[in-house]
Amino acid sequence: MPALLSRQKHSNNDEAIAARAKHNQLGLHVEVLPSTDDDRVAALFQQARERWITAGGVLAKARTEEEYRLAERICTEGLALIKEAER
């Protein structure tokens, strides 16, 4: 039984690292929103920033692999919005 628990703990650490890395990556794009006259681009960046803030809240309370994966998925959505804004 201890081997199973230690493996699960290790996986939690991996999930936490991956989620925090995505959160940092998204933050580089949206912590300070770029200035733009394009309303569409501004809206996409704002939506991405909202994902960053939401993911940060999830990460602050995350304790399980599922919660870390949720935070990572939210960040992935935000990064997709950034990619769309840059088209």
Side-chain angles (χ1 to χ4, degrees):
M1 187 70 134
L4 179 62
L5 291 176
S6 66
R7 188 174 343 137
Q8 183 179 13
K9 186 175 184 180
H10 180 71
S11 294
N12 280 340
N13 193 38
D14 290 347
E15 296 293 332
I17 291 168
R20 291 185 199 297
K22 279 275 198 210
H23 187 254
N24 288 337
Q25 184 181 9
L26 180 55
L28 290 172
H29 295 281
V30 298
E31 188 170 12
V32 176
L33 292 176
S35 178
T36 181
D37 292 332
D38 187 326
D39 291 340
R40 177 189 153 279
V41 169
L44 288 167
F45 270 97
Q46 182 59 41
Q47 290 172 17
R49 189 173 203 290
E50 290 168 3
R51 300 299 192 290
W52 179 62
I53 292 167
T54 301
V58 172
L59 281 173
K61 296 179 182 180
R63 299 291 177 264
T64 67
E65 290 181 15
E66 183 177 287
E67 291 167 328
Y68 287 116
R69 282 193 297 264
L70 172 61
E72 188 173 4
R73 280 193 308 269
I74 293 168
C75 290
T76 299
E77 290 174 9
L79 289 166
L81 291 164
I82 296 300
K83 190 173 182 177
E84 178 66 27
E86 293 174 344
R87 286 186 190 166

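No donor-acceptor distance shorter than 3.5 angstrom exists from the side chain of E31 to the backbone of L28, with no hydrogens or angles considered. Panel note: side chain R49, backbone V30; a donor-acceptor pair is recorded below 3.5 Å. The backbone N or O of A21 sits nowhere less than 3.5 Å from a side-chain atom of Q25 that would complete a donor-acceptor pair.
Linking ILVMFWY side-chain heavy atoms closer than 4.5 Å, directly or via other members, places L70 and L26 in two distinct hydrophobic clusters. No continuous path of ILVMFWY side-chain contacts below 4.5 Å connects Y68 to L79, so the two sit in separate hydrophobic clusters.
Minimum interatomic distance between A71 and A19 (heavy atoms only, all atoms of both residues): CB-CB, 4.3 Å. Between E15 and R69 the shortest heavy-atom distance is OE1-CG, 3.1 Å. Nearest heavy-atom pair across L33 and Q46 is CD1-OE1, 3.2 Å. Heavy atoms only, all atoms of each residue included: V58 and E67 are closest at CG1-O, 3.5 Å.
Expressed to the nearest 0.5 Å, how far NZ of K22 lies from CZ of R20 amounts to 15.5 Å.
The ring pair (Phe, Tyr, Trp, His ring centres under 6.0 Å) analysis of residues 25-57, with sequence neighbours excluded, yields the pairs H23-W52.
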Name every donor-acceptor pair, under 3.5 Å, that has one atom in a side chain of residues 80-87 and the other anywhere in the protein, sequence neighbours excluded.
from, atom 1, to, atom 2, distance (Å)
E84, OE1, R87, NH1, 3.0
E84, OE2, R40, NH2, 3.0

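Salt bridge status for E77 with R73: absent, with no side-chain N to carboxylate O gap under 4.0 Å.
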